[in-house]
Amino acid sequence: MTTDDHIVFIVDDDARVREALGELLASHGMHAMAFGSAGDYVSTDKPDVPACLILDVELPDINGLDLQSQIAEGDHPPIVFITGHGDIPSSVRAIKHGAVDFLTKPFSDADLMTAVNAAIAQDREKRSARAELGALRQRYLDLTPREREVLPLVVSGLLNKQAAAELGISEVTLEIHRRNVMQKMMAASLADLVRIAERLEIPITHSRRTRGG
């Protein structure tokens, strides 16, 4: 892991804690940005790289748990909570809403680094999945209108003749569109195309089982 392919955000109102965490992360080859309040963190432009957010629960402007709730709908890095006043309800709330860990001060360097590494790995996987989904959506948009009609019929399990009849086209024309769909969506097999359609949440309104022939 290099210092330019990730970042760790630190939000803690204690300057000594921010400094100590920054030094610890630097000793492990990790780049960090530190903030003294939630407001400073939210208002700052951040690099678009895999990240972890080390977040204190007690902050001067907003409770860390409330910040977690506020940013939950957006794309935010996985959170590792740290606190000097840990309690079970707070930790349960944090973990229930997706926090990687909830550490009570004083915590060991090893425990923190384990949580930070897990958070960055989780964010890296999430970003990869998001990029892959974006690529699938672009391939879908590159289909012609007719090919976008063919795709759900194919993955629904209809025979070529059934799908062709549904669209009022010949079976040969349907097969051409089907082949184009497979190529443009980069699907290796029908099963692969079905998985792609599921990821894109393409509604399947026909079923081979509901037809007589």
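- Within a 6.0 Å sphere centred on CD of E73, heavy atoms belonging to other residues, nucleotides or ligands number 12 at most.
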Let me check something: any side-chain donor-acceptor pairs from residues 168-176 under 3.5 Å, sequence neighbours excluded? List them with distances.
| unit_1 | atom_1 | unit_2 | atom_2 | d |
| --- | --- | --- | --- | --- |
| S170 | OG | T173 | N | 3.1 |
| S170 | OG | T173 | OG1 | 2.8 |

F81 and Q68: CA distance, side-chain angles, deciding distance, side chain to side chain contact (heavy atoms under 4.5 Å, CB included) verdict
CA-CA 10 Å; F81 277 102; Q68 180 189 31; 3.6 Å; yes
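- D101 places none of its side-chain heavy atoms less than 4.5 Å from the side chain of L112.
- Figure legend: cation-pi geometry between K46 and Y41, with NZ or CZ positioned under 6.0 Å from the six-membered ring centre and within 45° of its axis.
- Taking all atoms of both residues into account, the shortest heavy-atom contact from F102 to T83 is CE2-CG2, 3.6 Å.
- Taking CD of Q162 as the reference point, atom OG of S156 lies at 8.5 Å (rounded to 0.5 Å).
- Each of V150, L158, L151 was checked for a side chain to side chain contact (heavy atoms under 4.5 Å, CB included) with V154, and the lone residue meeting it is V150.
- Put simply, L153 and L190 are part of the same group of oily side chains (I, L, V, M, F, W, Y) that touch within less than 4.5 Å, one to the next.
- At most 12 heavy atoms of other shown residues, nucleotides or ligands fall within 6.0 angstrom of atom CD1 in I88.
- The shortest non-hydrogen separation linking V181 to L143 is CA-CD2, 4.3 Å.
- Salt-bridge check for R146 with E149: passed, with a basic side-chain N closer than 4.0 Å to an acidic carboxylate O.
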Quick one: side chains of residues 132-139, donor-acceptor pairs under 3.5 Å with protein atoms, not counting sequence neighbours, listed by atom name and distance.
| unit_1 | atom_1 | unit_2 | atom_2 | d |
| --- | --- | --- | --- | --- |
| E132 | OE2 | R199 | NH1 | 2.9 |
| Q138 | NE2 | D142 | OD1 | 3.1 |
| R139 | NH1 | M185 | O | 3.4 |

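- What you find for A51 and P78 is that their closest heavy atoms are O-CD, 3.5 Å.
- A heavy-atom distance below 4.5 Å is found between the side chains of M30 and N117.
- In this structure, the side chains of L193 and M182 come closer than 4.5 Å at one or more pairs of heavy atoms.
- To the nearest 0.5 angstrom, Q122 atom CD is 7.5 Å from E125 atom CD.
- Closest non-hydrogen pair, G36 versus R18, comes out as CA-NH1, 3.4 Å.
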Please evaluate residues L67 and V42 with respect to the criterion side chain to side chain contact (heavy atoms under 4.5 Å, CB included), reporting the C-alpha separation (whole Å), side-chain torsions for both, the decisive distance (0.1 Å), and the verdict.
CA-CA 9 Å; L67 176 62; V42 171; 3.8 Å; yes
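- Here the side chain of E166 pairs no donor or acceptor atom with the backbone of A163 at under 3.5 angstrom.
- A32 and I10 make their closest contact through CB-CD1, 4.1 Å (heavy atoms, listed as atom of the first residue, atom of the second, distance).
- Using a 4.5 Å heavy-atom threshold, the side chains of I79 and H97 count as separate.
- For the pair V155/I196, no side-chain contact is recorded, criterion being any heavy-atom separation below 4.5 Å from C-beta on.
- Taking CG of L103 as the reference point, atom OG of S108 lies at 8.0 Å (rounded to 0.5 Å).
- A 4.5 Å side-chain heavy-atom check between R148 and P145 finds at least one atom pair inside the cut-off.
- P152 and I204 get closest at one heavy-atom pair: O-CD1, 4.0 Å.
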Distance-only check: which donor-acceptor pairs under 3.5 Å involve side-chain atoms of residues 55-66, not counting sequence neighbours?
| unit_1 | atom_1 | unit_2 | atom_2 | d |
| --- | --- | --- | --- | --- |
| D61 | OD1 | A38 | N | 3.3 |
| D61 | OD2 | A38 | N | 3.3 |
| D61 | OD2 | G39 | N | 2.7 |
| N63 | OD1 | L65 | N | 2.7 |
| D66 | OD1 | R93 | NH2 | 3.0 |

Chi angles and distances behind the side chain to side chain contact (heavy atoms under 4.5 Å, CB included) call for N160, R178
CA-CA 9 Å; N160 283 349; R178 175 176 176 150; 2.9 Å; yes
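- You'll find the side chain of V11 stays beyond 4.5 Å of the side chain of I54, heavy atoms only.
- One finds no salt bridge joining D75 and R127 here, because no Lys/Arg side-chain nitrogen approaches an Asp/Glu carboxylate oxygen to under 4.0 Å.
- Considering only heavy atoms from C-beta on, F9 comes within 4.5 Å of P77 through its side chain.
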Step by step, would you call T44 with M33 a side chain to side chain contact (heavy atoms under 4.5 Å, CB included)?
CA-CA 10 Å; T44 299; M33 290 178 65; 4.1 Å; yes
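- Checked options D111, D14, D12; the residue passing with K105 is D12 (criterion: salt bridge (charged side-chain N to carboxylate O under 4.0 Å, His left out)).
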side-chain hydrogen bond (donor to acceptor under 3.5 Å, both in side chains) between D192 and S189: does it pass, once the steps are laid out?
CA-CA 5 Å; D192 193 21; S189 64; 5.3 Å; no
